[in-house]
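Sequence lines set the chain letters: A, B, ... in the order given, protein chains first and strands last, and positions in each chain run from 1.
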Amino acid sequence: MTDYEHYEAIVVGAGPGGAAAAATFANYGIETLVLERGVEAGSKNVSGGLIYAEESAPYTIDDLFPGFREEAAERPITTYRIHNIAGSKVESFDLTRLHEHDTEWSDAVLRRKMDSWLAERVHERTREAGGGLLTDVHVNGLLREDGKIVGITTDELDPITADVIVAADGVNSELARDAGLMDWDEPEEWFQGVKAVVDMPADVIADRFDVGEDEGAAHLFSGDLFSGVRGGGFLYTNRESLSLGTVFHLDSLVAERAEPHELLDAMLTHPLLGQWLDEDYTEVEYSAKLVPDSKKVALREPHFGRLMVVGDAAGQMQAQGPIIKGMNHAVSAGALAAEAYAQAKSRNSPEDAGTLYAKKLKREGVMQKLRPQGYELMRGITERDSVTDLVDSVLTSSVGRFGVRALSGQLERLYNTPALSSMIPDTRTPYVTLPTVIAEELGTRIRETNDVSPPDLEARIENLTYDTDIGNPHITVLDNSFEASGAAVSACPVSAVDFGGGCYREEFVRTNGSEERVVSLDTQPCVECGTCAVVADTEWTHPRGGKGVEFNQG
Amino acid sequence: MHTVVLTKGVPDFREGQVSFDEDGHLERGKTPTVMNPNDQFALEAALQTRVRHGGRVSVMSMGPPGYKEVLQEAMESVYADDLFLVSDREMAAADTWATAITLSAGIEKLGEPDIVFAGFKTADGETGHTGPQANWCLDMPLVTHVISLDVDEDEGILRAKRLVEGDIEEIETVETSLPAFVVTDPEFAPSYRSAGDRLTLKDLREETKARAENYEDHLTVWDHTDVNLDPDYIGLDGSPTIVSSVDPIPKAPAEREATMVDPDDSEAMDDVLEAMQSALAGDAAAAGGD
């Protein structure tokens, strides 16, 4: 054991959670090593993305990193609207009140720029305390001695021991899975998002979105434009680009055999978007990401021995109707984990750090946001299929429609009620049925035309940057039968039925006169979202450090 | 630990950079000078030693004043601390022997470095003599074709893996006392398996950024008097090599007789088939010659 290199703290992953943890460790003078697998922090990260600074939060990103908003963020979001869509009819509600509830500020961000800026600050500060930040290092597991976690193992370095390890290694955390805290079993527990970053000069943004230099707009989309798949779309304004994306419940994507890129295209080409996009549509980057549903997977005790888990790795992603908050919670959690360790250590019981961290998450109200009681209480009733069917049939009936019309003056207010948002059940009612009925009954027909022709999947993949680890695929299909792994062919954001250039393909193999339906995998175009780890039977790891996809926007 | 790396500026032989005149002679004036590509491995070996054991890396070259930029490139690529250019009209047109004498005098002036690194032959001369000959003057243990190395500072020992006869199939591990002279093989690969080493590397990169911009502040130029050399023993006068003539490599004799055939001309195609058949028959007869 004495032979291993040792740091007091190791932080795995240099996203906002890891950065917050590392900066906090450094504030306590704790020697901290930060390991990031991308060629640069942010090169593996994708988010919608809006980052919030909540008034009630114990830590915010600009508390920890002064200058963050000026240097690392895009536009502050000053207009926030949701559009209920049925065909070409749209009824829009202003959600600025909901958006501003408990919000100190909220900015659009692009992760490559944001995370790489954070990483520079983190390196400077951790270096002072004897540690530092390294990129291109893939932490692939936990180092154990006598069954106890004592450190980490990597593809690039010899094993390293630490007194405390913070896993901030994202939604597909290999450390949380190595510790048995997370799995990839149930599609119901995950969302999948895909996103296009689209070029748009600042003056055009100002003109089309009616925003000033330091203003920005956020638009959400729900209704019948996504072929009944449960989820919605978003549009955020950056400084000189737009982030346009869609997020769906993974189980719903699988059930409908929907192609994520086609659902994104359905939004991009909808007449409503014609007011913002035109035939000059230039997509800079296509990306995808798996998103944990904190209501179901946020760990109540996100720790095990010396390991503490923060951010997406711990399921800390709040997606409750129009409330979509992840990075802010990762920041709180990262800082709280580091603080918990420092305090436990000063009481000569560093082994209590994990328990203290979990207590802090509850005491500071983070856990209540991630796992709202209202949802816990209601889901037993509201998520039963029979109840959904009943509610939907009432809503779509003349009675329901009358109700929607009668409530027309109140609906916007209801949508702006945080407590209601937190109770929204995971059924088609709030995602599809209700917005559709609202648009049908109250909506206005959009006369605008939309001249966008989005690039096809092949062009989108071609436009991405890869450093393929040739001969060393990071995903292996364990069962290639179509029953076990076929769902990946459509659910994978860079695969599609009848598309030969993607990760997953359907194939028919003839053996002894009978024909077998199987899937084959080529990880070259992989965007490392983790979808296939959930919907197919795979052995899934991240690529080695610096290898695989490199997002330039994120 | 103090290491010295020997490097040389060579014509940039990459396509699009290099230019030749009508007679096939290299046009030096039109071809940019770059650091000899094989020297990169020597520099990386020195950097690895510096990262693991601390100390200082000096880079030295003999050549015209224009080599300064080559030295700057060396500084940027491996974070060298100081640069030395041994440069003098008296040194012009030196062969490998005279160059080796000059460089060894430069190294001796630097004191007694722990390791001197050289790359495996230059892209222009291709002899591979200069390093070992310089060491003949310095009289240190010499290890060539090194693909990896480690230093045991306490024992004052260098352990290296080297290719036997330059063959990747045959690798031996050798051990020598320090100071030593090391010639790296193009198969040399540095290894940084500890986080501490990689953090040091990152620090060095940061430090070098500022240093490389003002590289001339870290550059020392010596003439023959500085290194105490008699002009008779350096440059053209000190070069025992006599080049009797230089012949361009003859072009491959590809001027075979060729006939263009239109694939739609069936008569001509018949002739082609016939010619092929007879050629194949001839081959078969030759093969069945026993």
Side-chain angles (χ1 to χ4, degrees), chain A residues 2-14 18 22 25-26 31-41 116 119-140 143 151-163 165-166 544-546, chain B residues 1 40-41 43-57 76-79 81 147-155 157-161 168-169 171 173 175 186-213:
Chain A
T2 45
D3 284 328
Y4 291 123
E5 196 180 1
H6 181 88
Y7 289 85
E8 185 170 1
I10 292 177
V11 175
V12 182
F25 276 132
E31 178 199 50
T32 307
L33 176 67
V34 186
L35 298 172
E36 159 62 39
R37 67 187 182 90
V39 288
E40 184 181 54
S116 59
E120 274 181 40
R121 310 282 91 71
V122 165
H123 180 67
E124 284 162 13
R125 290 202 228 165
T126 50
R127 197 83 192 101
E128 276 171 31
L133 180 146
L134 291 175
T135 57
D136 299 283
V137 178
H138 169 221
V139 176
N140 57 23
L143 180 72
I152 49 109
T153 58
T154 76
D155 288 347
E156 289 77 19
L157 306 173
D158 295 330
I160 308 170
T161 55
D163 299 331
I165 301 151
V166 173
R544 289 194 295 166
Chain B
M1 184 140 304
Q40 185 68 30
F41 305 102
L43 288 160
E44 281 176 13
L47 177 61
Q48 180 191 290
T49 309
R50 153 98 192 251
V51 165
R52 291 189 190 172
H53 308 287
R56 147 183 174 225
V57 178
E76 278 172 350
S77 67
V78 293
Y79 324 135
D81 297 81
I147 57 166
S148 71
L149 82 155
D150 199 21
V151 172
D152 187 332
E153 271 185 292
D154 298 339
E155 300 279 321
I157 281 172
L158 176 145
R159 275 184 210 93
K161 283 198 172 126
I168 190 75
E169 299 295 322
I171 295 169
T173 304
E175 205 175 88
E187 293 293 330
F188 179 87
S191 165
Y192 301 104
R193 295 284 303 176
S194 87
D197 282 357
R198 290 197 182 201
L199 289 168
T200 304
L201 203 56
K202 210 170 154 174
D203 289 345
L204 289 175
R205 191 184 306 143
E206 277 306 307
E207 286 169 32
T208 311
K209 265 188 205 161
R211 203 166 52 229
E213 272 176 31

(request) Keeping the roles fixed (side chain from A:Glu156, backbone from B:Arg193), state whether a donor-acceptor pair exists under 3.5 Å. (result) no

(request) Spell out, as yes or no, whether a donor-acceptor pair under 3.5 Å connects the side chain of B:Arg198 to the backbone of A:Leu134. (result) no

(request) Check whether any side-chain heavy atom of A:Arg127 lies under 4.5 Å from a side-chain heavy atom of B:Lys202, and answer yes or no. (result)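 Side chain of A:Arg127 against side chain of B:Lys202, heavy atoms only: no contact under 4.5 Å found.
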
(message) Would you say that A:Leu33 contacts B:Leu199 through its side chain, given a criterion of any heavy-atom pair below 4.5 Å between the two side chains?
(response)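 When only atoms from C-beta onward are counted, B:Leu199 and A:Leu33 do touch, with a gap below 4.5 Å.
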
(request) Would you indicate whether B:Glu175, at its atom CD, is surrounded by more than 12 heavy atoms from other residues, nucleotides or ligands within a distance under 6.0 Å? (result) yes

(request) Pick one of side chain, backbone, both or neither for A:Leu35, based on which atoms fall under 4.5 Å of a heavy atom in chain B. (result)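 The answer is neither part of A:Leu35.
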
(request) Compare every heavy atom of A:Glu5 with every heavy atom of B:Gly196, then report the nearest pair and how far apart it is. (result) N-OE2, 2.6 Å

